[in-house]
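Reading through the structure tokens given below for one structure.
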Amino acid sequence: SDAPRPNLTPADHMTWQKETQSGKARAGWLHTRHGSVPTPTFMPVGTVGTVKGITMDSVRSTGAGIVLGNTYHLMLRPTAERVQRLGGLHRMMDWPGPILTDSGGFQVMSLGPLRKLTEDGVTFRSHIDGSKHHLTPESSTDIQFKLDATITMAFDECPALPATKEVLEASMERSMRWAARSRDAFTARPGYGQFGIVQGGTEQELRERSAKALRDIGFEGYAIGGLAVGEGQELMFSTLDYTTPMLPDDQPRYLMGVGTPDDLLGAIMRGCDMFDCVMPSRAGRTARAYTERGTMNLRNARFAEDTRPLSPDDDSPMAGRYSRAYLHHLFRANEMLGPMLLTLHNLAYYQRLMRQIRAAIMDDTLEELAVTLRHNWSLGDW
Ligand SMILES: CO[C@@H]1O[C@H](CNc2nc3cc4c(=O)[nH]c(N)nc4cc3[nH]2)[C@H]2OC(C)(C)O[C@@H]12
């Protein structure tokens, strides 16, 4: 958005300013040590210090303002100590903008083989070389400090769904004890921040207790965890309906791991401001294009001589320069350029969608835009 940037509020930590509200959807500005970013914002996933297959200049050209990195992956390789010696993530990956790093608990549970979870933290073996590692709220927070993360995530546990209320309760209560330990281990610096992560699965009473526990600790922002783990969109949205109002109105809300364009629209309309998801970049590597008319698989033979651009309003740097036929050829030939171009295209689409939604919040036309977007997504290729 080219709206004038409200002046930075001096603070000893990062801040978020709400600019406008339309229904439950908010438009605002995230002010950090590494620059200001308009919200709603979608964070491209840069797991091991790279948004796979494209340069950070290309990421910037899509309009992305903030990217995500992962404690779990970076602590294993190249290690946080080496990243620190290399000047931190920003310097190492040539990304001057803000970086949010996830705290590792989720990745251990969904990636690391052979792990043990105790009150102290998680012990696991590296999926790379089988070496043994231990993550605690303190060590995760320290690793994110060494990475020079602009936004540090509290160390939590994300329980697999479906789960009984007892399992969800015990897990949430531990995550809240870990949130307090994470906050105690955090080093406050002007323009930097730490987010707590609300847990509690799909149990309203547990989400309520979790949100209160985190507000009592006090963070610069609040993430909604424990979702996008296979519960489905309906259950995710119903959980958001009662969870976002439990969070401070004047601080950012980050829905972790979400999602498809339709997920983003629905979550923004339920009061969420920040998102990350591997989908647009992962899809770009597997020949799946995201467009305002839904998705299409470019390996499909019907594209072999289709000279049209991927989508008529593509504003990525490749706009109108490459035909579907060319991309079809690149993927059929297993050429590197295929995933590079399509990742760029998909991320540019996600950023264009964020800009469209933000503009609609600003002029209070989000309901109308939602109808148009959902209609067009259902059309499929034209
Ligand atoms: C579409 O991509 C798949 O969907 C998952 C994204 N869904 C997700 N939900 C999350 C929850 C949490 C959480 O509670 N806490 C912390 N700290 N981080 C989290 C990160 C999360 N990401 C990806 O995760 C797998 C690997 C299952 O496939 C991807």
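For clarity, every value in this text was computed on a predicted model and none was experimentally measured. Whatever order the structure lists ligands and atoms in, that order sets their numbers, starting from 1.
Nearest heavy-atom pair, Ser140 versus Thr71, reported as atom, atom and distance to 0.1 Å: OG-CG2, 4.3 Å.
Side-chain contact between Phe155 and Glu138: absent, with no pair of heavy atoms (C-beta onward) separated by less than 4.5 Å.
For Gly226, the closest heavy-atom approach to ligand 1 falls below 4.0 Å. Residue contact check for ligand 1: Glu157 places no non-hydrogen atom closer than 4.0 Å to it.
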Side chain to side chain donor-acceptor pair (under 3.5 Å) evaluation trace for Ser238 with Asp241: CA-CA 5 Å; Ser238 59; Asp241 285 335; 5.9 Å; no
- How far apart are the C-alpha atoms of Asp249 and Arg26, what are their side-chain angles, what is the distance that settles it, and do they pass the salt bridge (Lys or Arg N to Asp or Glu O under 4.0 Å) test? CA-CA 10 Å; Asp249 184 58; Arg26 300 114 63 86; 3.3 Å; yes
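Under the 30°/60° scheme for interplanar angles, the aromatic rings of His34 and Tyr192 are found to stand perpendicular. Ring pair His73/His127 is perpendicular by interplanar angle, where above 60° counts as perpendicular and below 30° as parallel.
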Which side-chain N or O atoms in residues 333-347 pair as donor and acceptor under 3.5 Å with protein atoms at least two apart or in another chain?
from: Thr343; atom 1: OG1; to: Pro339; atom 2: O; distance (Å): 2.7
from: His345; atom 1: NE2; to: Ser311; atom 2: OG; distance (Å): 3.4
from: Asn346; atom 1: OD1; to: Tyr290; atom 2: N; distance (Å): 2.8
from: Asn346; atom 1: ND2; to: Pro280; atom 2: O; distance (Å): 3.1
from: Asn346; atom 1: ND2; to: Arg288; atom 2: O; distance (Å): 2.9

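In this structure, the protein non-hydrogen atom closest to atom 7 (N) of ligand 1 is Ala228 O, 2.9 Å. Among all non-hydrogen protein atoms, the one lying nearest atom 2 (O) of ligand 1 is Val278 CG2, 3.4 Å. The protein atom (non-hydrogen) at minimum distance from atom 26 (C) of ligand 1 is Ser110 OG, 4.0 Å. Among all non-hydrogen protein atoms, the one lying nearest atom 12 (C) of ligand 1 is Phe106 CD1, 3.5 Å. Scanning the protein heavy atoms around atom 15 (N) of ligand 1, the nearest turns out to be Asp156 OD2, 2.8 Å.
In Met153, neither the side chain nor the backbone holds a heavy atom less than 4.0 Å from any atom of ligand 1. Proximity of Ser103 to ligand 1, defined as any heavy-atom pair under 4.0 Å, is confined to the side chain (atoms from C-beta onward).
Near Met279, with a cut-off below 4.0 Å to any heavy atom, the atoms of ligand 1 are 1 (C). Each of the following atoms of ligand 1 lies closer than 4.0 Å to a heavy atom of Gly225: 13 (C), 14 (O). For ligand 1 and Cys158, the ligand atoms under 4.0 Å from any heavy atom of the residue are 11 (C), 13 (C), 14 (O). For ligand 1 and Ile197, the ligand atoms under 4.0 Å from any heavy atom of the residue are 17 (N).
By heavy-atom distance, the residue among Leu255, Asp102, Leu227 lying nearest atom 16 (C) of ligand 1 is Asp102.
In this structure, atom 28 (O) of ligand 1 has no protein heavy-atom contact shorter than 4.0 Å.
The cationic group of Arg253 does not satisfy the cation-pi geometry with Trp16, failing either the under 6.0 Å distance to the six-membered ring centre or the 45° limit from the ring axis. Taking the ring centre of Tyr222 as origin, the terminal cationic atom of Arg215 falls outside the region bounded by 6.0 Å and 45° from the ring axis.
Aromatic ring centroids of Tyr350 and Phe275 lie 6.0 Å or more apart.
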